Amino acid sequence: MPEIVNAVEMRGIVKRFPGVLANDHVDFDLRQGEVHALLGENGAGKSTLMNVLAGMYKAEEGTIFVDGKRVNFGSPRDAIAAGIGMIHQHFMLVPSQTVTENIILGLSDPRFFLPLDALDKKILALQEQYGLKVDPKAKIWQLSVGEQQRVEILKMLYRGAKVLIMDEPTAVLTPQEVDELFVTLRSMLTRGHSIVFISHKLDEVRAIANRVTVLRHGKVTAAGVTAKGATKAQLAQLMVGREVLFTVKRNPVKAGDVVLSVENVCAENDRGVPALREFGIQVRAGEIVGIAGVAGNGQSELAQVITGLRKCSCGRVVVAGDDIANQDPRSAIRRHVAHVPEDRHHVGSSPGLSLSDNLIMKSYRESPVSRGWVLNRPVIRNQSNHLKNEYDIAAPSVDVQARLLSGGNLQKAILAREMTAGPKLIIAVQPTRGLDVGAIEAVQGVLLREREKGTAILLISEELEEILSLSDRIVGIYEGRNMGELRAEEATLTEIGLMMAGTPRGDAGTR
Amino acid sequence: MIDWIIILQAGIATGTILLFAAIGEILAERSGVMNLGVEGMMLIGAMTAYSTAVKTGHPWQGVLYAMLAAGVLALLHAVVTINFQADQVVSGLAINFVGIGLSMVLGEGLSKAGAVSLLPVWTVPLLSKIPILGPIMFTHHSPMVYLGYLLTPAVWFYINRTRPGLHLRAVGEYPSAADALGINVYGLRYLYVFIGGLLAGLAGATISLAVSPGWFSELTTGGQGWIAVGLVIFAQWNPWRAAAGGYMFGALRRLILDLQGPQTLLWFKNPFFYAPKLGFFLQMAPYVLVIIILIIGSREAMKKRMGAPAALGNPYVRGERGL
Ligand SMILES: Nc1ncnc2c1ncn2[C@@H]1O[C@H](COP(=O)(O)OP(=O)(O)O)[C@@H](O)[C@H]1O
Ligand SMILES: [Mg+2]
């Protein structure tokens with residue numbers, strides 16, 4: 001009887017970080033010519049396990065076999081020599097170097113002089129073979145994220161990698177780019193490659209993988225089950241440890257007056273490059289408007305301009321009738337604009353201060369919380385304890401430093417602070433990024449309740465599912481321009497994806 | 001009167017000192033390690049070169065020992081910043097003081113050493129006959145000057161068109177990516193910090209055995225190491241720009257000396273001749289220029305995407321979170 005050949009076999013892998021058991025006796029095997037998905041929530045230990053396989057980390061315990069032979073990788077170079085290449089979540093490309101330079105980096109051939117033209121040709125030939133197009137002479141910083149990913153794949157193929165590990169490759173792509181990536185992956189399978197596909201998105205895993213291994217808190221909860229055989233609900237339960245509802249309930253609300261009106265706003269990003277180009281949008285009371293776009297197309301800058309954290313060079317930001325463009329954050333706060341920022345740890349909270357200090361950070365000038373110069377500690381303590389219970393913030397006490405809270409609890413604390421101010425407008429940026437399913441439900445619940453109270457909400461998110469399920473209207477953003485809008489009922493992933501990729505609505509003839 | 005040919009010729013000679021030191025620092029910084037100890041390393045080079053020449057009578061042996069002495073000091077910086085991940089600025093300043101202190105102690109009495117055989121002076125046949133350029137670039141120069149002409153393009157080519165140069169750039173820009181591809185980040189940083197030291201030593205030897213021969217304790221280098229550090233930023237880590245800046249600076253220093261000589265300047269009474277104290281202001285000018293260049297340079301670097309290697313100043317620890 002012919003045995004199934006395992007390209008990779010990992011047995012009993014244990015890897016600790018200070019205070020965390022990231023991998024707890026994990027077994028994993030990858031068959032020749034399959035896509036094996038590694039599924040798990042953020043922090044489950046997926047990247048850690050694959051970093052061990054790719055020679056980046058050294059496991060404390062466990063053994064690894066490649067093509068049946070026991071291996072012991074001291075460095076990534078050893079792993080590549082054994083045919084294992086990893087494409088990291090954060091690309092490992094040198095921005096100031098060209099595509100060709102990045103691909104040949106670290107190889108011993110050519111020995112000294114770089115025949116750049118000949119190498120460009122060689123790389124073009126490789127591109128031809130796998131259908132991965134990108135200009136070899138371009139510098140990495142000039143490329144889109146999707147193109148950079150192609151460079152990473154080419155880099156590994158050029159090294160002769162047979163096993164390709166992709167760490168959350170779709171997180172940064174538009175839906176169309178995801179489809180293209182899947183075509184590439186399938187063509188690699190026919191050429192005898194095997195692929196590990198890390199993700200926490202169930203639909204993708206079911207679309208591309210042959211088998212699935214699920215990790216939870218560093219332990220395997222399902223080992224190599226066939227992807228087609230498992231339902232989405234089953235996988236979610238294995239991943240989270242309890243039943244998950246996939247639908248959010250959005251009651252009909254009649255939209256009221258315009259609360260936020262952004263008109264022809266232009267702004268630059270930190271590098272002085274235009275990030276918003278005559279961008280306009282309106283949000284009414286009792287309505288959630290979702291902004292869909294690939295990271296870095298001006299979403300962050302939009303939120304900053306509205307909340308007074310960034311200057312704009314033209315246009316107006318009208319909140320409840322007043323133009324507050326180019327004023328300070330306090331003018332936005334005074335008009336009851338709540339901000340749930342992208343960077344929870346540095347913008348949303350002050351990590352070294354206590355939970356209660358973080359909770360009063362917007363009300364500290366007001367009467368019961370302070371009297372003149374003096375903070376009223378008993379009132380603060382009472383209020384904080386009340387909020388801690390109401391928002392279900394898991395913390396030993398309200399005196400604990402904010403940096404010690406987990407991501408989900410910190411986000412709940414930020415929401416608690418912002419919502420008690422009685423907002424008329426909420427700017428929520430990536431409000432559920434990196435949270436576990438329970439925290440996601442809580443955060444989305446808060447936003448939906450505010451909507452029903454008649455608050456205007458601008459939701460900026462890279463999770464398309466989230467935008468689709470929460471928003472009343474969806475606006476596409478691309479290179480700082482408004483690509484048009486869709487009503488949530490009529491929106492499809494394809495249409496949103498087209499806007500995210502730069503096709504203004506109406507151009508594609510999809511109406 | 002002011003003789004421009006002489007000023008430019010002297011500028012090339014003095015500029016060679018800055019060129020060596022700055023190119024050495026460029027190589028170290030391109031690998032991600034800033035070494036502010038250039039002044040100290042140059043001084044120990046100058047002292048070692050001169051005392052070796054005094055004792056053995058062989059100036060070339062002096063050059064060799066100068067490079068090694070400064071190289072050892074640079075290795076100390078490498079150990080502290082690469083192995084122990086100490087702050088590069090603090091360590092660099094410490095290296096500087098160690099270098100200055102050691103040279104002052106070991107160089108005690110060296111200034112009264114008497115006759116010393118210095119590096120030769122060469123005039124290049126044929127090339128020296130070219131009008132204007134000939135007398136400026138190829139007449140009565142130390143071999144060091146000609147070495148500088150060769151070093152600049154060679155280093156540029158090495159950095160941009162060779163495999164080790166590619167690795168050097170990767171280590172300074174994105175060490176974890178380089179490490180993931182099997183490039184020895186620690187080893188290469190050691191190597192280039194050491195080479196930076198060798199070149200600083202060469203710069204020191206060029207002072208004490210060629211350009212302004214002798215030992216004048218800390219005045220031998222007189223802050224040129226610091227100018228070299230500023231020059232690296234002005235040069236945007238590019239050897240060609242470092243060479244141009246070095247020669248320009250050398251010429252400027254010579255011009256300042258010459259400005260104080262004549263009684264009249266362009267039909268006017270020369271203020272620097274009649275009020276010698278004004279000369280101090282004039283001598284200050286190059287250093288003020290360094291500060292101005294630093295300010296302009298950092299703004300320019302922010303705007304363009306060129307400029308400092310991205311990982312400059314950051315110790316590398318494998319597997320540590322974040323980039
Ligand atoms: N370099 C590191 N240093 C310390 N802790 C880490 C490091 N990398 C990961 N961890 C921790 O190990 C756990 C697993 O992380 P990771 O493998 O990145 O999860 P995943 O990729 O599944 O999201 C998390 O608790 C994370 O905080
Ligand atoms: Mg991960």
Side-chain angles (χ1 to χ4, degrees), chain A residues 15 17-18 20 22 47-48 51-52 54-58 73-81 85-98 100-116 119 139-142 151-152 155-156 158-159 268 270-273, chain B residues 26 29-32 153-189 191 236-238 298-312 314 316-323:
Chain A
K15 174 72 193 169
F17 289 113
V20 195
S47 302
T48 305
N51 272 311
V52 167
M56 277 300 261
Y57 294 160
K58 197 127 191 66
F73 297 148
S75 73
R77 177 172 238 165
D78 297 345
I80 293 171
M86 177 155 174
I87 294 167
H88 294 266
Q89 210 165 342
H90 306 283
F91 296 150
M92 299 280 221
L93 297 169
V94 183
S96 59
Q97 295 182 353
T98 66
T100 297
E101 286 178 329
N102 267 282
I103 290 175
I104 61 163
L105 188 61
L107 295 174
S108 48
D109 174 54
R111 280 238 53 96
F112 190 76
F113 296 108
L114 301 179
L116 285 176
L119 289 167
K139 295 253 167 73
I140 296 301
W141 64 266
Q142 299 168 320
V151 179
E152 282 280 23
K155 191 161 96 180
M156 290 307 154
Y158 191 85
R159 269 147 237 262
E268 293 183 344
D270 292 336
R271 283 186 275 108
V273 178
Chain B
I26 285 176
E29 293 198 3
R30 277 291 183 113
S31 83
V155 169
W156 182 89
F157 187 85
Y158 177 82
I159 293 176
N160 293 293
R161 289 286 181 275
T162 72
R163 184 176 77 110
L166 179 65
H167 290 189
L168 163 63
R169 280 183 283 142
V171 164
E173 292 282 342
Y174 199 164
S176 51
D179 190 27
L181 296 173
I183 296 171
N184 183 348
V185 176
Y186 297 114
L188 287 185
R189 286 190 168 180
L191 176 68
Q236 299 288 297
W237 293 267
N238 175 335
S298 61
R299 291 196 140 197
E300 191 188 8
M302 287 257 279
K303 273 199 207 122
K304 299 178 188 172
R305 268 180 174 257
M306 57 199 282
L312 182 61
N314 304 333
Y316 176 64
V317 190
R318 179 184 282 177
E320 188 163 90
R321 239 172 180 190
L323 301 171

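Everything numeric in this text was worked out from a predicted model, so none of it was measured.
In this structure a side-chain-to-backbone donor-acceptor pair under 3.5 Å is present from Lys15(A) to Lys58(A). Looking only at distances, a side-chain donor or acceptor of Arg30(B) sits under 3.5 Å from a matching main-chain atom of Trp237(B).
Counting heavy-atom pairs closer than 4.5 Å to chain B, the top-ranked of the candidates Ile104(A), Asp78(A), Asn102(A), Leu107(A) is Leu107(A).
Looking at Lys139(A), neither its backbone nor its side chain comes within 4.5 Å of chain B, counting heavy atoms on both sides. For chain B, the nearby part of Arg159(A) is the side chain; its heavy atoms alone come within less than 4.5 Å. In this structure, the portion of Leu93(A) lying under 4.5 Å from any heavy atom of chain B is its backbone and not its side chain. Heavy atoms closer than 4.5 Å to chain B are found in both the backbone and the side chain of Leu105(A).
Ring orientation note: the planes of Phe17(A) and Tyr57(A) are nearly perpendicular, at an angle over 60° on the 30°/60° scale.
Checked against ring-ring contact (aromatic ring centres under 6.0 Å, His included), Phe112(A) has no partners two or more places apart in sequence or in another chain.
Every pair passing side chain to side chain donor-acceptor pair (under 3.5 Å) that includes a residue from residues 153-167 of chain B is listed here, sequence neighbours excluded: Tyr158(B)-Tyr192(B).
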